Amino acid sequence: MPCHHKFHPFSAFPIIHPLPLPAAQQSKIFFIPNPENVMASFFFVLFSLFVLLSIPLLVFLYFIARPRPVKIPLKNRHVFITGGSSGIGLALAHQAAAEGARVSILARSIDKLDEARTSIRLSTGIDVSVFSADVRDYDALKRAVDEAGPIDVLIANHGVFWATELEKQELFGIKFMVDVNLMGSFNLVKAALPAMKNRPKDRGPASIALMSSQAGQVGIYGYTAYSASKFGLRGLAEALQHEVVADDIYVSLIFPPDTDTPGLLEENKKKPQITSLIVASSGLMKANEVAKKALNGIKSGSFIIPCNFEGYMLALATAGLSPQGSFLMAFIECAVHALVKVQTIPQGAEALPMPFSETSEQILGYAFSSPFNAEIMINENLLDQFLGFYSSMTMKFVKFIVLAKGVVGRKGRKCLQWKCGLIFSLCTW
Ligand SMILES: NC(=O)C1=CN([C@@H]2O[C@H](COP(=O)(O)OP(=O)(O)OC[C@H]3O[C@@H](n4cnc5c(N)ncnc54)[C@H](OP(=O)(O)O)[C@@H]3O)[C@@H](O)[C@H]2O)C=CC1
Ligand SMILES: CCCCCCCCCCCCCCCC(=O)[C@@H](N)CO
């Protein structure tokens, strides 16, 4: 397919020559079942039937799962934050201290740590403990974690980042990002988990939060190494949640957009223009806004913590089978997945109208006409919608039940197993 647009040196946006949509695709954009089409009517009836049938099923599932809201307090609890000497980590430390937590921060530079301690003391009157270690050095990290004492809320926020095309990226740079962002988080969780699991039962639920990025939800030009390191955190988090839920530990993943921090200032000095354009479509947040969203998410035990509107959209589009503590959100995620498909179109591969100025069909078809180039397709195949909805619903509910605090907490694993079995057979009837 030929390239239909190119960058214009004087324009913030690539010049786009809109392509007329092929007739077949135009009809896909609006879902209007054609009454002359027997198959369509047949599927329409089938679909209505399934919708009707699904209501009692959902009510039944709701009563089995009986979700209980999780509350993880910060007051008088030990919050341990890596990368707590700068940017988002520093904002997290300020706010956690202000909420009455005992705060420990860890980073490499002792000077920056001391500076952070002073600034937190000045604004809150509270002294935080500081630890100097490199998260890549397991032994040093373990010593710091042991010295700090049992942790209630562990926030793996440390991170290094810069944007470069893979071709121009040196191997050691890739390894550095993966080692700090991903392996460093493994080191941290390994070091802290035993004491977190053995905490006295009356200390209440605990949290392990990992700082990802919107570039950890969707791959972005210039971020091959960074995105890979942040996507990796998601695998770590999803699997870890299964392993620790019985210990009343909740895992969270935080997905901020660009955030105004010393780290970003450095990154922006040498960023490919395309990266800047794409990233700009999700705006820029302040470190204390991100920290606020993050702490609220942690306190409510949310697995996925988006930080802005675009982040909520991305979270819906990329929910996958990640744990969902809210019955309603689990339902919405599955319904959205069955009905629409959001896909990103690599720059230069296909021309899209930009900004909106085209016909209503194109606006509906390509709702996110930013340089991010998200194409939103509406699924017009009813059988497909039905299967998509029920398969993701089935899987999500099995996970939902596995992870529902009520089930594990109240009656233990035996009860969990028969409920999982029941849900499976119910959903695959
Ligand atoms: N700013 C942004 O636009 C966004 C950032 N994020 C993520 O948020 C997190 C924080 O970012 P931000 O506040 O901007 O970053 P900053 O660069 O401002 O701060 C990074 C912190 O991590 C520490 N750190 C870095 N490397 C190591 C290491 N090897 N061992 C221990 N500590 C280390 C730094 O201290 P020291 O150098 O002294 O070790 C510093 O305290 C990162 O994980 C980042 O990927 C996500 C989305 C957007
Ligand atoms: C379906 C809805 C789509 C909505 C549009 C979403 C646009 C996505 C933009 C992603 C921005 C990524 C920022 C990464 C910041 C970061 O981590 C760096 N500062 C560190 O390198």
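First listed ligand is number 1; within each ligand, the first listed atom is number 1. As the structure is a prediction and not an experimental result, all values here were calculated from the model.
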How close does the nearest protein non-hydrogen atom get to [atom], and which residue and atom is it?
{"atom": "atom 14 (O) of ligand 1", "value": "T261 OG1, 2.5 Å"}
{"atom": "atom 29 (N) of ligand 1", "value": "D134 OD1, 2.9 Å"}
{"atom": "atom 25 (C) of ligand 1", "value": "R108 NH2, 3.6 Å"}
{"atom": "atom 48 (C) of ligand 1", "value": "P257 O, 3.1 Å"}
{"atom": "atom 22 (O) of ligand 1", "value": "G83 CA, 3.3 Å"}
{"atom": "atom 35 (O) of ligand 1", "value": "A107 CB, 3.4 Å"}

As an exercise, identify every atom of ligand 2 less than 4.0 angstrom from a heavy atom of [X].
{"X": "M313", "result": "2 (C)"}
{"X": "S281", "result": "7 (C)"}
{"X": "I220", "result": "10 (C), 11 (C), 12 (C)"}
{"X": "F161", "result": "20 (C), 21 (O)"}

[X] and ligand 2 - part of the residue with a heavy-atom distance under 4.0 Å:
{"X": "L264", "answer": "side chain"}
{"X": "K230", "answer": "neither"}
{"X": "W162", "answer": "neither"}
{"X": "T259", "answer": "neither"}

Is [Y] paired with [X] through a side-chain N to carboxylate O contact shorter than 4.0 Å?
{"X": "K271", "Y": "D258", "result": "yes"}
{"X": "K197", "Y": "D247", "result": "yes"}
{"X": "R143", "Y": "D146", "result": "no"}

Determine, using heavy atoms of [X] and all atoms of ligand 1, whether some pair is separated by less than 4.0 Å.
{"X": "A133", "value": "yes"}
{"X": "F255", "value": "no"}
{"X": "E266", "value": "no"}
{"X": "N157", "value": "yes"}
{"X": "P262", "value": "yes"}
{"X": "A215", "value": "no"}

Exercise. Do you see a donor-acceptor pair shorter than 3.5 Å between the side chains of S322 and R234?
Worked result: yes
Exercise. When you check the side-chain N and O atoms of T261 and T259, is any donor under 3.5 Å from an acceptor?
Worked result: no
Please confirm whether [X] comes within less than 3.5 Å of ligand 1 when only nitrogen or oxygen atoms on both sides are compared.
{"X": "L264", "value": "no"}
{"X": "I88", "value": "yes"}
{"X": "S213", "value": "no"}
{"X": "G263", "value": "yes"}

Could you name the option among [options] that has the heavy atom nearest to [atom]?
{"atom": "atom 33 (C) of ligand 1", "options": "H158, K112, R136", "answer": "H158"}
{"atom": "atom 1 (N) of ligand 1", "options": "T259, I105, N181", "answer": "T259"}
{"atom": "atom 16 (C) of ligand 2", "options": "S212, S213, A163", "answer": "S213"}

Problem set entry | Any H78 side-chain heavy atom under 4.5 Å of P150 side chain | no
Exercise. Has ligand 2 got any nitrogen or oxygen that is less than 3.5 angstrom from a nitrogen or oxygen of E310?
Worked result: no
Exercise. Under 3.5 Å, N or O to N or O, is D258 touching ligand 2 that way?
Worked result: yes
For this session: Identify which one of S282, S281, S227 satisfies the side chain to side chain donor-acceptor pair (under 3.5 Å) criterion when paired with Q214.
Result: S282
